[in-house]
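Notes follow the structure.
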Amino acid sequence: MEVSDINSLCLSLTDATVAERGEPSNVLTYKVRARNFAYFKTSEPERWRFSIRVSPERFLELTDQPGVKPARYMHRFHWITIVNVSEFDPAYLTELVGWSYRKACSTLSKKAQRELNIKQEN
C-alpha cells in the first residue's frame with residue numbers, strides 16, 4: 001500500500017475526516033467525530049511514517065517486527081509507527097486500521113455509536 005491508498009482507506013470509513021496540523025506537530029490526522037484513529041508524520045526525518053492504535057497483545061507482537069516501532073509519545077496507549085507502509089502487508093494493515101477506527105469509535109457516546117452503526121469488537 002502506498003500513502004495515497006491508506007488515505008483512501010481511512011477516508012472510506014464511516015464519518016472519517018482528515019486534518020492537517022502544521023508546526024510544530026506536522027501531522028496528517030484521521031479522526032472519527034474528533035477521536036484520532038491514525039496519523040501520518042508529514043515532516044522530515046520521519047516523513048510519511050504511519051501510526052495507528054493496536055491492541056496490547058498486537059503491540060508486543062508488532063513492535064518486535066522490523067520496520068515497526070512504538071509511536072513517539074503515544075506508545076503508552078498502544079500506538080505503533082510503521083516506518084514504511086509500502087513494505088507492510090496490505091491485508092494486515094487494512095485489518096489494523098479497521099481495529100484502530102473501531103477502538104476510536106468505542107470511546108464515543110452510545111448515541112454516537114448507534115448513529116455510526118458500527119459493530120464494536122472487544
Side-chain angles (χ1 to χ4, degrees):
M1 278 188 145
E2 297 300 321
V3 172
S4 60
D5 299 325
I6 293 176
N7 183 56
S8 297
L9 170 65
C10 290
L11 291 175
S12 72
L13 299 168
T14 305
D15 230 20
T17 59
V18 64
E20 186 168 1
R21 289 190 279 168
E23 296 289 337
S25 312
N26 296 317
V27 292
L28 194 60
T29 308
Y30 298 92
K31 300 178 179 203
V32 57
R33 301 215 180 167
R35 301 288 200 266
N36 295 346
F37 68 90
Y39 64 91
F40 274 110
K41 185 74 175 157
T42 59
S43 63
E44 296 297 341
E46 298 180 334
R47 188 170 179 91
W48 302 124
R49 291 188 179 185
F50 184 62
S51 297
I52 52 175
R53 190 170 187 178
V54 296
S55 69
E57 299 80 24
R58 286 207 171 157
F59 180 82
L60 294 173
E61 167 197 329
L62 287 163
T63 54
D64 282 342
Q65 294 182 15
V68 179
K69 61 184 190 172
R72 187 177 295 172
Y73 309 117
M74 297 294 286
H75 62 277
R76 67 180 179 259
F77 303 112
H78 303 111
W79 282 75
I80 60 162
T81 296
I82 300 168
V83 176
N84 188 347
V85 293
S86 64
E87 295 176 2
F88 205 83
D89 178 41
Y92 193 34
L93 185 55
T94 300
E95 178 186 336
L96 293 173
V97 169
W99 189 92
S100 186
Y101 171 80
R102 288 186 302 278
K103 181 66 174 174
C105 290
S106 74
T107 66
L108 297 170
S109 70
K110 296 296 179 192
K111 179 182 176 188
Q113 290 180 39
R114 282 191 304 273
E115 288 172 358
L116 290 172
N117 195 26
I118 299 198
K119 181 182 177 208
Q120 298 301 316
E121 290 181 8
N122 292 331

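Sequence neighbours left out, the pairs with a member in residues 2-25 that pass salt bridge (charged side-chain N to carboxylate O under 4.0 Å, His left out) are Asp15-Arg33. Among residues at least two apart or in separate chains, salt bridge (charged side-chain N to carboxylate O under 4.0 Å, His left out) pairs with a member in residues 50-61 are Arg58-Glu95.
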- Can you list the steps and then say if Arg49 with Thr81 is a side-chain hydrogen bond (donor to acceptor under 3.5 Å, both in side chains)? CA-CA 6 Å; Arg49 291 188 179 185; Thr81 296; over 6 Å; no
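When side chains are defined from C-beta on, Trp99 does not count as touching Ile52, because their heavy atoms never get closer than 4.5 Å. Within the 4.5 Å cutoff, the side chain of Leu108 has heavy atoms near those of the Leu116 side chain. The side-chain heavy atoms of Ile82 and Val85, taken from C-beta on, include a pair separated by under 4.5 Å.
Chaining together hydrophobic side chains whose heavy atoms lie under 4.5 Å apart places Trp79 alongside Val27, Tyr39, Met74, Phe77.
For the pair Cys10 and Ala38, the tightest heavy-atom approach, listed with the atom from each and the gap, is SG-CB, 4.3 Å.
The local environment of CZ in Arg72 is sparse, with at most 12 non-hydrogen atoms from other residues, nucleotides or ligands closer than 6.0 Å.
Phe40 and Tyr30 have perpendicular rings, their planes meeting at more than 60° on a 0 to 90° scale where under 30° would count as parallel.
A side-chain donor-acceptor contact under 3.5 Å links Asn84 to the backbone of Ser86. For Arg47 (side chain) and Ser43 (main-chain N/O), no donor-acceptor pair under 3.5 Å exists by modelled atom type. Looking at Ser100, its side chain never comes within 3.5 Å of a backbone N or O of Val97 through a donor-acceptor pair. Distance alone, capped at 3.5 Å, is enough to place a donor-acceptor pair between the Thr42 side chain and the Asn26 backbone.
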